[in-house]
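The structure appears below as structure tokens.
Throughout, a chain's letter reflects where its sequence line sits, starting with A, and its residues are numbered from 1. Bear in mind the structure is a predicted one, so any value in this text is a computation, not a measurement.
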Amino acid sequence: MSFLDQLNPQQREAVETTEGPVLILAGAGSGKTRAITYRIAHLIDNLGVMPESILAMTFTNKAASEMAERVEKLVGGLSVAKPAMATFHSFCVRVLRRDIEALRIPSGIPGNPPIGYTKKFVIYDENDQQQLVKSVMRRLGIDDKQTTPRSVLAHISWAKNHMLDPQEVYLQSADPKTERVAQIYAEYKKELAKANAFDFDDLLLETVRLLRAVPEVREYYNRRYPYILVDEYQDTNRPQYELMRLLAGSKHNVCAVGDEDQSIYSWRGADIRNILEFEKDFPEAKIIRLEQNYRSTQNILQAASAVVANNVQRKGKNLWTSRQGGTKVGYYEAPDGENEALFVADKISKYLREASEQGENSRVAVLYRTNSQSRLFEEAMRRYQLKYHVVGGFSFYERAEIKDMISYLKVIHNVNDTISLLRVINTPVRGIGKTTLETLERVALETGLSLWNAIKETIQRQLLPVRALAALKNFTDLIEDGQAMLAGNYVEHFEESSLGESAEITEEQSRTASRRSKDQQPFEDETFFDPMAFDFGPALEDTPEPSAADDSAVAGAPAFRDPGAPANTAEILKFLIDRTGYIKLLEEEDTPEAYSRIENLRELVNAAMDSRDRGETLDQFLDHAALVSDADSYEAGAQITLMTLHAAKGLEFPLVFLCGLEEGLFPHSRTFLHPDDIEEERRLCYVGMTRAMDSLIVTRAVYRRRYGTDLPEASIPSRFLDEIPSQLLEELGTSSRGRSTSRAGAPATHEREVGSTHYAYEDEDQSVSWAARNKQRRRAPAVKTYNSIDNIAEFFASRGKKFSLPKLPMEEPRGVKGFRPGQKVKHPKYGEGTVYQREGDGEEAKITVQFPRFGLKKLVEKYAQLERA
DNA sequence: CCCTGGTCCCAACTT
DNA sequence: GGGACCAGGG
């Protein structure tokens, strides 16, 4: 019973109210996760509930596995049985894989299989969806200029999140455009069914449909999980809410935990009404409020509360903390985006150095509104030689080579997956071109066959020139051999010699490749090699013991040395890489990019091996690949984490930077039209601010470049800055007064230079308060566009401030020669020329050269074989 | 059939 | 900054 004593009275009530519906309204940092994990531990340890009868649903795999870890720590020596902790989507996939065929209906034709989805379904990601919508639109003859596939897909997803089917969308449509959407939606749905594929939204919808339609299935899950917990309840959408209701059964032992002020997913269909309707659907519900914040200092909490208090749509609550005072919220106004990033990097480097001098291992988060903002911060971190970790952005599974291999696996798993089939049918090129594909699609359309069957038909009836037929046969053989391997009746029928030695993946090679790529691009792809990205999190059911057999595969034995036994995913992958010559072709390319792609493929094989060690089958591996999210790549151990505000939900850091507080960026311009959307932005700001435990620094750039090519534009300070009470704010960046003159001229040491004043400017006008100046600027938005460093300096001068240029003495990487404007150079192809301009530095330096006979050419210095003339 | 280079258009958050 | 698409040459 001892662990219950660590809870405050409200938390304790939340933990001990185990029977009947409970809604826990938990403010930021109020020990929400603690309440949930203790509740689970209490159920198991003190009430003797079987662990496997508890189901906790979260939004990310990361949250699920963190919860599992914390429960395991509380419940000493948890047996083999574990509580089920999963994301909504992965839980649904499990249910569908087990029971979807209960929805099949007889075809009515003797000998024909029943109609409906089978257990072998695949999951379509956004890219696949888009391809499918495009092909549907093409077939329906709808112009994709005025009705873009993107917007159609957004509309379909909206409909699904509100549980509307195509007919309902059609009936509700008030304009021809929506009617068209309904039509496309209907066709899209049919095509998904034909391919035995679900999109993300379907996973929830179909599970709800299944549980509603088949009482036996519903009852099975009701019996199996008498205790249900739902995390981040404020972000559930309609299908998720229905799912929870269905799973709660008649016992209603459901515990939902949420915070209205942290609802940030309404655009994904999250419905705040779910919190209100909870009491309607569960009239006997007990509401418990957790209002003591254990995370932040009083200053931070007050500032955040003051911001969110501007929202009209909220019940309001009193969050309090015992951590009196604390440092004020820092504010830095950077001249531009680059400078903002350098400022942040500088502060972080000092902060971490001080922390380590005191023997502490601290953590910092840099939060921003949009993923594209990460680039500047990454560059700044590199300049300061800081190791950082980026959450989200371009994920491992979105890379072309990974998608290719996954698509091969998907086709082997399910040949009716036409979208994946089209992706790989000519990848790498094997002579199946546009004309061939057009014929095949016509055959498919005319016969009603799936594309795969149309190909088989075409080959059999020899409907194409011999060359094309051979190429097609080549492809179908490959897929069928893969299927045979999977089934365990593959008979090798090529010579060993045809397997290029280069395609063999050994641990040794893997290691050298890894070393090489790290040497060349020390910071690139940090996120892509994250093993966490492959962690399914705890399985719903107990996974079989990992097979002790064949570790030799890791050591580089041939991929399929054991014909006759069913192959595992890793073996099939190696076979595919081998037979397609994928790696071999990349090696022939012999570029850094190609090696990085090879490295990614090796990583994929490693992931498949891990999957095998967990005893997973091919479809489980594919489910994982489809369901890992960006947020899952968060590493709790990383010192510096860069991520969007959305990804930061649920996390905490001693020091937090909240960047880009500018109207149009944060709040985002797309939210301006609707007051409700602005309120959501404000909640997002609240979420960001309350991540901070000890210190919070907010920043803004006066001039920001919107797209790479455009001129920087003057920004207006975010309204959220105004909403922070001025007595809680402290302006930063003025501490370097006078220093910039003393170091003029003489080149300072690297360390000093980096650590001192390059981002700083002097503020001569400190008598005017920050808030007053802020107001001034807002009233008079600059009309002049500043497009160069000189203009920015001029801008600051006009305001009585001095602005010093970021100057960083950087060691030039090898291969970079540092040509300057005016120098004469010689190019192997273009001959002699004069350097006209130089952009960027180090690895990225581009120089523009004037060649007498060829005109101006822009060259990347690293690659262009330029010499001094 | 394949590759290249140019052009156009886009650029919010995520399972 | 970059992805998707197209035209034109190899």
Touch class at under 4.0 angstrom, heavy-atom based, for A/Thr644 against every strand present: sugar-phosphate
Separation of atom CD in A/Glu126 from atom C1' in B/dC13, rounded to whole Å: 11 Å
Nearest-0.5 Å distance that lies between atom CD1 in A/Ile459 and atom OG1 in A/Thr476: 4.0 Å
Closest to side chain of A/Thr436, choosing from B/dC1, B/dT15, B/dC13: B/dC1
Separation of atom CD in A/Gln240 from atom C1' in B/dT14, rounded to whole Å: 11 Å
Sugar-phosphate, base or nothing in reach of A/Lys649, heavy atoms under 4.0 Å: nothing
Check: A/Phe198 ring centroid to A/Tyr124 ring centroid under 6.0 Å: no
Closest to the A/Val429 side chain, choosing from B/dC2, B/dC1, B/dA12: B/dC2
Closest nucleotide among C/dC5, C/dG1, B/dT15 to the A/Lys134 side chain: C/dC5
Between C1' of B/dA12 and CD of A/Glu681, the distance in whole Å: 8 Å
Residue mapping more 5' on DNA chain B - nearest nucleotide basis, A/Tyr265 or A/Gly431: A/Gly431
Pair A/Asp259, A/Tyr233: side-chain N/O donor-acceptor within cut-off below 3.5 Å: no
Nearest-angstrom distance from the residue atom OH of A/Tyr368 to C1' of B/dA11: 15 Å
Touch class at under 4.0 angstrom, heavy-atom based, for A/Arg150 against every strand present: sugar-phosphate
Rounded distance (Å) that lies between atom P of B/dT14 and atom CG of A/Leu684: 10 Å
Euclidean distance, atom CH2 of residue A/Trp158 to atom C1' of B/dA12 [Å, nearest integer]: 20 Å
Listed once per pair and sorted, the salt bridge (Lys or Arg N to Asp or Glu O under 4.0 Å) pairs that draw on residues 148-163 of chain A, sequence neighbours left out: A/Lys160-A/Asp199, A/Lys160-A/Asp202
Length of the CZ-P vector between A/Arg375 and C/dG1, whole Å: 4 Å
Options B/dT15, B/dC13, B/dC1, nucleotide nearest the side-chain atoms of A/His89: B/dT15
Sugar-phosphate only, base, or nothing, as touched by A/Asn426 at under 4.0 Å among non-hydrogen atoms: sugar-phosphate
Options B/dC2, C/dG1, B/dC13, nucleotide nearest the side-chain atoms of A/Asn371: B/dC13
CZ (A/Arg139) with more than 12 external heavy atoms under 6.0 Å: yes
Separation of B/dT14 C1' from A/Lys160 NZ (nearest whole Å): 16 Å
A/Thr87, nearest nucleotide to its side chain (from C/dA4, B/dT15, B/dC3): B/dT15
Sugar-phosphate only, base, or nothing, as touched by A/Thr435 at under 4.0 Å among non-hydrogen atoms: sugar-phosphate
Minimum-distance nucleotide (side-chain atoms of A/Arg268 versus B/dT14, B/dC3, B/dC13): B/dT14
Residue whose closest nucleotide on DNA chain B lies nearer the 5' end, A/Asp201 versus A/Ile432: A/Ile432
Minimum-distance nucleotide (side-chain atoms of A/Arg670 versus B/dC1, B/dA11, C/dC5): B/dA11
B/dT15 base stacked by A/Phe59 (centroids within less than 5.5 Å, tilt under 30°): no
Sugar-phosphate only, base, or nothing, as touched by A/Gln131 at under 4.0 Å among non-hydrogen atoms: nothing
Close side-chain approach of A/Leu203 to A/Phe88, heavy-atom, < 4.5 Å: no
Nucleotide of B/dT15, C/dG1, B/dA12 approaching A/Phe200 most closely (side-chain heavy atoms): B/dT15
